[in-house]
Amino acid sequence: MPVGPSSSAIHFNSSAVSDPSQPTPRTPTSVTIHPVALFSILDHYLRRNETQERVIGTLLGVRNGNAVEVRSSFAVLHSETSEQVAVDMEYHRTMYELHHKVNSKEVIVGWYSTGSDLNTYSALIQTFYSQETTPHPAILVSVNTGVEEGQEAGVSAFVSSPVGVDPKPENLVFVPVPVDLRFHDAEKSGLDLLIGTAASSTSTSPQPVADVEILERSLLSVSSMLDRVLSYVQSVLSGEKEGDQAIGRYLMDTLGTATDDLEKSGFNSSLQDTLMISYLANLVRSQAEVSARLALATAP
């Protein structure tokens, strides 16, 4: 997502000079963001005050060498005018302490901002988060919601770097960093639900999906993948395609161990558990409705 013409490459802010005796940490070369963090940012933007042009918040994640993985985020209260910007630092630290108690592996890796305008205030906020992530550099994830005319929705990541003959923290340039979207297997069902709802012309809001329906979709997906594998194997055997040894070893390792659970009736056991949970959920729901109707009938 390119920075608009209103943005400036060099920003000025007030910050203490870093200690030259400390080793210089490696600058992130890639940023990975999970859907949970991205949805939290969009939800924060939708709940903003009408007078707010953008919202900001803290990014939590882990570092692995030069790569940064953003796993979650939380909103930070701030006010921004043409004359000044104020960030509730105490709220930020309190929220981080609460998150850290739940997941001690996630640390502050940077901050996020909606919109594509990187102005002087962005440099001031970047300085604050650089102090929070010391000795590692803070990253900035800029989320363009696409609501402004002429702007396309997208996500960009930046790191700051000092510039000048005598580099000082007051002189910053925002350098773009490649950013990717990654999700776990547990998040895939939620993403599939959102994509299916958005593609449907009759549904206006996402509805909870029953476990049996999720199982049906999974079986259909597995069946489709097996058909693709079978078509590829038949093409190789017939000589239409040249076989790939890497793909063959992968298929052998995958399909060779996938039948153990079926032989042990693991699939049938899992299916029975799913049906039992669905039955118990419907039974509890019916009992709650009956109790509510009895309470209304006996009310004076």
Side-chain angles (χ1 to χ4, degrees), residues 1 30-43 61-62 64 67-72 143 145-146 152-157 178-283 285:
M1 180 176 59
S30 64
V31 176
T32 302
I33 184 170
H34 285 264
V36 174
L38 188 59
F39 290 154
S40 178
I41 297 173
L42 295 176
D43 181 72
V62 295
N64 185 13
V68 176
E69 182 178 354
V70 180
R71 295 182 177 179
S72 60
V143 180
T145 57
E152 295 183 359
V155 181
S156 299
V179 58
D180 294 323
L181 179 65
R182 181 181 301 174
F183 55 87
H184 296 299
D185 294 338
E187 299 171 330
K188 189 176 186 303
S189 59
L191 293 175
D192 292 340
L193 173 61
L194 294 176
I195 295 174
T197 303
S200 176
S201 59
T202 57
S203 178
T204 58
S205 61
Q207 301 294 331
V209 181
D211 293 338
V212 176
E213 186 175 353
I214 295 177
L215 180 60
E216 180 184 2
R217 294 180 180 179
S218 300
L219 292 176
L220 292 176
S221 177
V222 172
S223 177
S224 176
M225 289 186 289
L226 289 176
D227 290 339
R228 292 171 55 189
V229 171
L230 181 60
S231 176
Y232 170 79
V233 173
Q234 290 177 347
S235 299
V236 172
L237 294 177
S238 62
E240 298 178 3
K241 293 182 179 180
E242 183 179 356
D244 191 331
Q245 295 181 359
I247 296 179
R249 285 193 296 268
Y250 177 79
L251 293 177
M252 180 64 67
D253 295 339
T254 303
L255 300 179
T257 59
T259 58
D260 294 341
D261 292 338
L262 294 178
E263 295 176 357
K264 298 178 182 178
S265 300
F267 174 77
N268 292 332
S269 177
S270 177
L271 179 60
Q272 292 177 1
D273 293 341
T274 301
L275 294 176
M276 180 60 68
I277 292 174
S278 177
Y279 171 76
L280 292 177
N282 293 330
L283 184 62
R285 187 183 302 108

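The structure presented is a predicted model; accordingly, all values stated were derived computationally and were not measured.
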Salt bridge (Lys or Arg N to Asp or Glu O under 4.0 Å) involving Asp180 - partner list, sequence neighbours excluded: none
Minimum-distance pair of heavy atoms, taken over all atoms of Arg71 and Val36: O-CB, 4.1 Å
Heavy-atom side-chain contact between Thr32 and Val70 under 4.5 Å: no
Partner set under side chain to side chain donor-acceptor pair (under 3.5 Å) for Ser231, not counting sequence neighbours: none
Residue from Leu220, Leu226, Leu219 passing side chain to side chain contact (heavy atoms under 4.5 Å, CB included) with Val222: Leu226
Pairs of donor and acceptor atoms involving the side chains of residues 236-251, under 3.5 Å and at least two apart or interchain, shall be tabulated with distances.
{"residue": "Ser238", "atom": "OG", "partner": "Gln234", "partner atom": "O", "Å": "3.0"}
{"residue": "Ser238", "atom": "OG", "partner": "Ser235", "partner atom": "O", "Å": "3.1"}
{"residue": "Asp244", "atom": "OD1", "partner": "Ala246", "partner atom": "N", "Å": "3.0"}

Nearest-0.5 Å distance, CG of residue Leu280 to CG of residue Leu275: 11.0 Å
Minimum-distance pair of heavy atoms, taken over all atoms of Val179 and Ser156: CG1-CA, 4.2 Å
Any side-chain heavy-atom pair of Glu69 and Asn64 under 4.5 Å: no
